[in-house]
Asks: 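Below is the structure I would like to discuss, written out as C-alpha cells.
Keep in mind that this is a model prediction, so the values were computed, not measured.
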Protein chains: 2
Amino acid sequence: MACSVQLVARPKDPAVRTLLIERAAAMLRAREPITLRSLVAGTGVSTMAVYTHFDGMDGLWQALRQEGFTRLGARFTTVPESADPVRDLTTLCAAYLDHALTHPDLYRVMFDASVDLEDLPAADATLEHLVQAARRCQDAGRFRADVVPLDLAIQSWTVGHGLASLVATGPLPPETLGHGPVLLGALFTASGDDPDRCRASVERGWHHPAADDERPHPA
Amino acid sequence: MACSVQLVARPKDPAVRTLLIERAAAMLRAREPITLRSLVAGTGVSTMAVYTHFDGMDGLWQALRQEGFTRLGARFTTVPESADPVRDLTTLCAAYLDHALTHPDLYRVMFDASVDLEDLPAADATLEHLVQAARRCQDAGRFRADVVPLDLAIQSWTVGHGLASLVATGPLPPETLGHGPVLLGALFTASGDDPDRCRASVERGWHHPAADDERPHPA
DNA sequence: CTACATGCCATAACGCTGCTATGTTTAGCG
DNA sequence: CGCTAAACATAGCAGCGTTATGGCATGTAG
C-alpha cells in the first residue's frame with residue numbers, strides 16, 4: 001500500500017493534495033476515524049504535507065466539504081434535460097438524495113460543522129442547478145407567474161435536505177425516502193402545476209434511471 | 001447502570017449530574033468548546049464525576065442530546081389545543097423551528113453525531129406530538145381518509161428539520177424560514193385540506209404568539 | 001557553472017485531549 | 001463497631017493537532 005505514485009519525479013503541488021483528499025474520502029467511506037497521522041500513514045508523505053496544502057486539519061475538512069459539493073455538482077451535470085422540466089427538477093432532487101445516501105458520511109461532513117463562509121459559494125453553485133430547473137418549469141408555463149425560481153429551488157432543497165439529513169443521521173429509516181414524491185408533488189402543485197400532470201412528472205423524475213453516481217476519477 | 005431505583009439512598013447522585021448537564025448546555029450556548037477539563041473547571045467536582053455519571057464524554061453528549069429532545073418536548077407541551085387542528089399542527093412546526101433557532105448549538109448536537117439508537121425513543125416521543133396533531137386534523141375531516149397521521153407527521157418533521165438544519169448550520173440565512181408556511185400549506189393542501197381554509201389556518205398557526213420557550217427549571 | 005533564494009517535506013517536540021489506574025473518603029447496613 | 005460498596009480526587013498514560021527546526025530539491029540571477 002506504500003507506493004501509489006508511479007512517476008517519482010513530481011511537481012509535488014497538486015498531486016499530494018488530491019491524493020490526500022482522495023484518501024480522506026476513502027477513509028470516510030470506510031468509516032475509519034480520520035486523524036492526521038492515520039491519514040498520512042502509508043502514503044509516504046509526512047504530516048507536514050497536510051499543513052503545506054491545507055493549513056491544518058480544519059482546512060482538510062473544508063476541502064473535503066468542497067469536494068462533496070463538487071461531486072454533487074458533477075452528479076447534477078449527468079442529469080439530462082427532458083421535455084418535461086418538472087420531471088427534471090424532480091430528478092435533480094432524487095439525485096441529491098441518492099448522492100446523500102450513497103455517501104452518507106461525506107454528506108454529513110458537508111453540513112455537520114459550521115460552514116466557514118468559505119464554501120458557501122460551492123453550496124450556491126449546486127443550488128443554482130435547482131434554480132435553473134425551476135426557471136425552466138416556469139418558462140414552460142407549469143408554475144404560476146408569481147413563483148420565484150430561487151424560492152422554489154430553496155423549498156425543493158429544504159425538502160431534499162430534510163429527508164437526506166434525517167435518514168443520513170439516523171432518526172428515520174431509509175424507507176422514509178418514499179415521502180419524497182409526496183412532498184415534491186405537494187410543493188409543485190401548490191406552485192401552480194396541474195395535479196395529475198404534476199404527479200406523473202414527479203413519478204417519472206423520481207424513478208428516473210439513475211446515472212452512475214461517481215465520476216471515473218479515483219485510482 | 002446499577003442504580004435505577006430512587007429509594008436506594010442516593011446522597012449526591014442526581015445533583016452533580018444535572019449540574020454538569022446544565023453547565024454543558026450553558027457552555028454550548030456560550031459557544032465555548034466543551035472539553036472534559038473545561039467542563040468540570042469551577043464546579044468543584046473532578047473529571048471522574050463525568051465517568052461515574054455519564055461513563056465518559058460520549059455519554060455526556062448523549063445526555064445532552066436527550067436534554068435537547070426533552071426541552072423540545074416541554075416546548076411542545078406549552079402549545080395549546082385550539083379548535084383548529086391544522087393551525088395547531090402548524091404551531092407545533094413553528095415551535096420546532098423556534099426551538100431549533102433559539103438554541104442552534106443544542107439543535108446541532110441533537111442531530112450532528114450518529115444517533116446511538118439509545119436516544120431514538122426521545123426523538124420518537126417528540127414526533128408523537130406531531131402524530132397526534134395530524135390525527136386530530138384527520139378526525140376533524142380536514143384531511144383525506146387515506147392520509148396516515150404518522151406519514152404526515154414525518155413529512156411535517158422533514159419540512160421543519162430541513163429548514164432548521166439549513167439555517168442552523170449556515171448555508172441559508174434566517175429569512176429562509178419564511179418558506180415555512182408555503183411548504184406546510186402545500187403539504188396540508190395536498191393532504192386534502194381546503195386551500196383557502198388551509199392558508200388561513202397555517203397563517204394563524206405560524207404567527208401564533210410564541211409561549212416562553214424555556215421551562216423555568218435552570219438555576 | 002556557480003551561488004543564492006524559495007518552497008516542500010521529514011523529524012522531533014509541545015500542549016492539550018479523553019481516559020484509566022490507584023488511593024481516599026463517605027454512606028448504608030448487619 | 002466493622003464491613004461493603006459507591007463516589008470522589010489525584011496522577012499518569014497514549015493519542016491528538018500543531019509547531020519549530022533542518023535538510024533537500026528546484027528556479028533564477030550573476
Side-chain angles (χ1 to χ4, degrees), chain A residues 1-25 27-28 30-65 105 109 112-114 116 118, chain B residues 1-25 27-28 30-65 105 109 112-114 116 118:
Chain A
M1 201 57 181
C3 49
S4 56
V5 287
Q6 298 180 347
L7 323 173
V8 197
R10 187 69 67 167
K12 304 158 191 175
D13 214 13
V16 177
R17 187 185 162 93
T18 61
L19 179 129
L20 286 176
I21 286 189
E22 216 72 51
R23 173 160 170 81
M27 295 179 67
L28 212 61
R31 286 188 157 68
E32 304 169 4
I34 295 185
T35 173
L36 173 64
R37 289 170 175 81
S38 70
L39 177 70
V40 300
T43 63
V45 305
S46 173
T47 62
M48 271 304 291
V50 178
Y51 286 83
T52 59
H53 290 288
F54 303 99
D55 198 47
M57 282 302 278
D58 284 358
L60 184 129
W61 287 111
Q62 178 178 332
L64 216 46
R65 212 149 40 220
D105 310 279
V109 172
D112 256 17
S114 66
D116 292 325
E118 303 292 334
Chain B
M1 310 319 160
C3 48
S4 56
V5 286
Q6 297 183 347
L7 43 130
V8 192
R10 190 161 17 178
K12 36 208 144 182
D13 216 9
V16 179
R17 187 185 161 92
T18 61
L19 178 132
L20 286 177
I21 286 189
E22 218 70 51
R23 171 157 172 82
M27 295 179 68
L28 213 60
R31 284 188 161 67
E32 303 169 5
I34 297 184
T35 175
L36 174 63
R37 287 172 174 83
S38 70
L39 177 69
V40 301
T43 63
V45 304
S46 173
T47 62
M48 273 304 291
V50 178
Y51 287 83
T52 59
H53 290 290
F54 302 100
D55 199 43
M57 283 302 276
D58 284 357
L60 182 128
W61 286 111
Q62 178 177 333
L64 215 47
R65 213 149 40 219
D105 310 277
V109 172
D112 254 16
S114 66
D116 290 327
E118 303 291 334

Asks: Starting at atom CG of B:L19, determine the distance to atom P of D:dA7, rounded to an integer number of angstrom.
Replies: 16 Å

Asks: Roughly how far, to the nearest 0.5 Å, is the OG1 atom of A:T18 from the CZ atom of A:R23?
Replies: 14.0 Å

Asks: Within the 4.0 Å limit for protein heavy atoms, which parts of nucleotides 15-22 of chain D are touched? Write it as a string from 5' to 3', B for base, S for sugar-phosphate only, - for none.
Replies: -BBBBB--

Asks: Would you mind reading off the distance between B:L39 atom CG and C:dC16 atom P, rounded to a whole angstrom?
Replies: 18 Å

Asks: Side chains of A:F54 and A:R17, heavy atoms from C-beta outward: is any pair under 4.5 Å?
Replies: yes

Asks: If you round to the nearest 0.5 Å, how far is NE2 of A:H53 from CE of A:M48?
Replies: 10.0 Å

Asks: Does a side-chain N or O from A:S46 land closer than 4.0 Å to OP1 or OP2 of C:dC9, or not?
Replies: no

Asks: Pick base, sugar-phosphate or nothing for A:V45, based on heavy-atom distances below 4.0 Å to the nucleic acid.
Replies: sugar-phosphate

Asks: I need the CZ-C1' distance between A:R17 and C:dC9, as an integer number of Å.
Replies: 17 Å

Asks: Please report, rounded to the nearest Å, how far the C1' atom of C:dC19 is from the CG atom of B:L60.
Replies: 14 Å

Asks: Just checking B:G44: base, sugar-phosphate only, or nothing, at a heavy-atom cut-off of under 4.0 Å?
Replies: sugar-phosphate

Asks: Could you list the donor-acceptor pairs under 3.5 angstrom formed between side-chain atoms of residues 36-45 of chain B and any protein atom two or more places apart in sequence or on another chain?
Replies:
| residue | atom | partner | partner atom | Å |
| --- | --- | --- | --- | --- |
| B:S38 | OG | B:T35 | N | 3.0 |
| B:S38 | OG | B:T35 | O | 3.0 |
| B:T43 | OG1 | B:V40 | O | 2.6 |
| B:T43 | OG1 | B:V45 | N | 3.3 |

Asks: Ignoring hydrogens, what is the shortest heavy-atom contact between A:A24 and A:I34? Give both atom names and the distance.
Replies: O-CD1, 3.3 Å

Asks: Would you compute the distance between atom CG of B:L64 and atom CE of B:M57 and round it to the nearest 0.5 angstrom?
Replies: 9.5 Å

